[in-house]
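Chain letters run A, B, ... following the sequence lines, proteins first and then strands; every chain starts at 1.
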There are 4 protein chains.
Amino acid sequence: MTEAARRTQIVAAAIETVAELGYARASFAKIADRAGLSSTSRISYHFAGKDDLLRACVAEITGVATEFMRPRIDAAAGYAAKLRAYIESNLDLLVERPAHLRALVEILRNVRDAEDGLGEAALASRTRLFAEHLRAGQEAGEFGAFDPEVLALAITGAIDAFVGASHDSASHDGTAPDDANGGIDLRRAGTELADAFERAVLANGVRR
Amino acid sequence: MTEAARRTQIVAAAIETVAELGYARASFAKIADRAGLSSTSRISYHFAGKDDLLRACVAEITGVATEFMRPRIDAAAGYAAKLRAYIESNLDLLVERPAHLRALVEILRNVRDAEDGLGEAALASRTRLFAEHLRAGQEAGEFGAFDPEVLALAITGAIDAFVGASHDSASHDGTAPDDANGGIDLRRAGTELADAFERAVLANGVRR
Amino acid sequence: MTEAARRTQIVAAAIETVAELGYARASFAKIADRAGLSSTSRISYHFAGKDDLLRACVAEITGVATEFMRPRIDAAAGYAAKLRAYIESNLDLLVERPAHLRALVEILRNVRDAEDGLGEAALASRTRLFAEHLRAGQEAGEFGAFDPEVLALAITGAIDAFVGASHDSASHDGTAPDDANGGIDLRRAGTELADAFERAVLANGVRR
Amino acid sequence: MTEAARRTQIVAAAIETVAELGYARASFAKIADRAGLSSTSRISYHFAGKDDLLRACVAEITGVATEFMRPRIDAAAGYAAKLRAYIESNLDLLVERPAHLRALVEILRNVRDAEDGLGEAALASRTRLFAEHLRAGQEAGEFGAFDPEVLALAITGAIDAFVGASHDSASHDGTAPDDANGGIDLRRAGTELADAFERAVLANGVRR
DNA sequence: GATGAATGAGCGTTCATTCAT
DNA sequence: GATGAATGAACGCTCATTCAT
């Protein structure tokens, strides 16, 4: 097997392992097992360390997420529509790639003392971007009066809670159909969530 | 020193340690250090295992949280007011006892395979109770139409995001005043958050 | 077994192991074996790391060496006599405690990047002290003209060569009597060595 | 690139690596890096094992040293002059080829359980040859009375100490000029060292 | 009952070497 | 013949737990 293919495979195994066992229990040994490697040394050969591997995972996941969500967000016209597109596509992605999002949340929540791109700093920067969007929407008159920082954190936190909740149920019941998760229909939940936050941010408090 | 006092002291040390270092790095050794114990065996003597210690931590934290939040929630009249009281008092508590809430979130997020009272099951049950409240508010006509499960998860997730964000900033800047955290005034954030979710759930879409 | 006794025993085992196998092959596993420990974790408990253990070894060896050599050096009157006392007592010590000196040389030669008290810095500081003595002897008119730095390095290097040579022979022939080593009678060698360096440093080039 | 050239290149890289990092840290990986090889397997392909590679290094270094020192020793007339030529040319060589001599000393000091040509056995055989020369000088009446074994070991040990000391200083201060090392002018040190040992071995105790 | 000493599994990492191609 | 991929043992170290006293 070629070197690049192994790298890819290890990243995939790491994502699945972190998603399933959580950050703390995702050891090289478990990842190597899943990747079909007889020893953890092969992982150490391909990646400079655990941080390096996790960074590669984050890059892979971010790439997939961007590819999935970006078009839908770009296609939406207006700040509110883009907000809805973000929330809905994020929850749709959770249906398509649950392990990816679970792993992402686990990694970002747990890594400490990492430079950019990993750990809480990455979470904070996502929130910051979100706040920018909200602020811009306010200036455009589309959104009402609220603290953009607070709502940005609320929205991203709410989304991550769905990721975490899906984690929970999936681990207890592997038989759930792809589009059901923890008893929640995630696609519907995305719409509901978008509705709710729309009510929270819209200038005119329109009821649907 | 009485046995109960020792237990209390160990629990306090464990809470601080988990809050500061995170779940994964909070080993018995670190906790014993902070509690001024010379050996981890004293922890093992008082607690049946790590799970048992963490359960005691959760109980302690839950007790403190209940004592702090319960009166304010009870004093509020109406479903919406109670929701606001919950959110605001929770963020006020984050100001008063940041370590407690950080530890709680860390524990509930990371413990796996635990029976009731720990881990994701505990998170889910908190969400379930919340959903009950929302459903009751709908039936009382105070709240509008939305999926209570979805909003329950969104609200608790949003609150936990503030806990996590406060963790982040606190660890990078020990000089912040007690009532400021990560550049966010948590008391104001509580009001903002309550405002936002009120707009999201109220039947008549009232604007403040 | 008490904690302090274990520490002492581990240090003793480490000294023997380093002396026998050399720095590079003296792993915690080998040391634990010799100390009668079932696992390396006990060593890690007593010492902060390999450096810490080696530092303790150096301290122990230095203590033994000082206790042995100091009185003889102090008893000698005059710079030349002290030089002789140093050389002779050092080689006598090599007879009494071969493992100690072998281990010391191994450690000082091989440790890199260590703070004071370990590694090449320690070797250099010993040479510096030696050079001071030689310089003082010159100023007192007892020694002739030569570069003290050069002779200090030459003398300490020569002594260490005997330590190294004794290592060699001992490892190949464990049956040698205590006062024979590598075919060399170390006590006689000490006298010979002192004679030779005396001829090299004395002002008047006296022949014995 | 021809096989012989590859071998030569690997040997050169190994010598530099051992000289810089010391025996224990000179792994195939580091050597391959320095040689510009993508895999350590190419080293294993050209050499039967680490011993084989080190033996080739020793052979290369010995060849260089012989080529450099032999003419000067041969050109010297008399046992004392040859001794001086040996010492001085050896320290001159340390100026010209510091890495070579450092690597040689590292290898000979640290390799264990090797057959002839490596390890302490090689060191001992060098000392034996030296002792032969001293003994012959005594029989010729040029040298005085002393134990040839002892002085042979002392002289070689002293020289090696300079090699070691140069290693030390060089690694801490890369700015030193080529002919200065650790604050010591090695060429002058060679003369001083030869002077000192001349005083130690000459029959008539001549002062310069 | 309480504690200092010990345990063994597991961690991420480096190592020289082997093997199929 | 030459090489990229893989191997498994060993490294120092941390962990929660157990046990004799």
Rounded to the nearest angstrom, tell me the gap between atom CG in B/D33 and atom P in F/dC15. 10 Å
Using atom CG of B/L21 as one end and atom P of F/dC15 as the other, report the distance to the nearest whole Å. 10 Å
Divergence of helical axes at both termini of the helix from E/dA2-F/dT21 to E/dT21-F/dA2 - five pairs an end, 10° steps: 40°
Hey, is the main chain of B/Y23 close enough, under 3.5 Å, to the side chain of B/E106 for a donor-acceptor pair? yes
Please check if the side chain of D/R7 supplies one atom and the backbone of D/H46 the other of a donor-acceptor pair under 3.5 Å. yes
Name each donor-acceptor pair under 3.5 Å that joins a side chain in residues 35-44 of chain B to protein atoms two or more places apart or in another chain, with its distance.
unit_1, atom_1, unit_2, atom_2, d
B/S38, OG, B/R42, NH2, 2.9
B/S39, OG, B/S41, N, 2.9
B/S39, OG, B/S41, OG, 2.7

Whole-Å distance between E/dA16 P and A/Y45 OH? 15 Å
Show the numbers, then the answer: is there a side chain to side chain contact (heavy atoms under 4.5 Å, CB included) between A/V18 and A/L104? CA-CA 9 Å; A/V18 169; A/L104 183 64; over 6 Å; no
Is any NZ, NE, NH1 or NH2 atom of the basic residue among A/K30 and A/E20 found under 4.0 Å from an Asp or Glu carboxylate oxygen of the other? no
Steps toward side chain to side chain contact (heavy atoms under 4.5 Å, CB included) verdict (B/R6, B/E3): CA-CA 5 Å; B/R6 258 276 124 82; B/E3 161 140 4; 5.6 Å; no
Could you state the CD-P distance from C/E3 to E/dT3, rounded to the nearest angstrom? 16 Å
Does some side-chain heavy atom of B/I15 sit less than 4.5 Å from a side-chain heavy atom of B/V11? yes
Go through the steps for D/T17 and D/D33 under the test side chain to side chain contact (heavy atoms under 4.5 Å, CB included), then give the verdict. CA-CA 10 Å; D/T17 306; D/D33 261 8; over 6 Å; no
Could you walk me through whether D/F47 and D/L54 pass the side chain to side chain contact (heavy atoms under 4.5 Å, CB included) check? CA-CA 9 Å; D/F47 298 91; D/L54 293 178; over 6 Å; no
Between the protein and nucleotides 7-11 of chain F, list every N/O to N/O distance that falls short of 3.5 Å.
unit_1, atom_1, unit_2, atom_2, d
F/dT7, OP1, A/S38, OG, 3.4
F/dT7, OP2, A/S38, N, 3.4
F/dT7, OP2, A/S38, OG, 2.8
F/dT7, O5', A/S38, OG, 2.8
F/dG8, OP2, A/S38, OG, 3.2
F/dG8, N7, A/S39, OG, 3.3
F/dG8, O6, A/S41, OG, 3.0
F/dC11, OP1, C/S27, OG, 2.7

Just how far, in rounded Å, is P of F/dA5 from CZ of A/R7? 12 Å
Rounded off to whole Å, could you give me the NE2-to-C1' distance for the B/H46 and E/dA2 pair? 8 Å
Rounded to the Å, how far apart are D/I43 CD1 and E/dA16 C1'? 10 Å
Specify the separation, in whole Å, of atom CZ of D/F47 and atom P of F/dA2. 14 Å
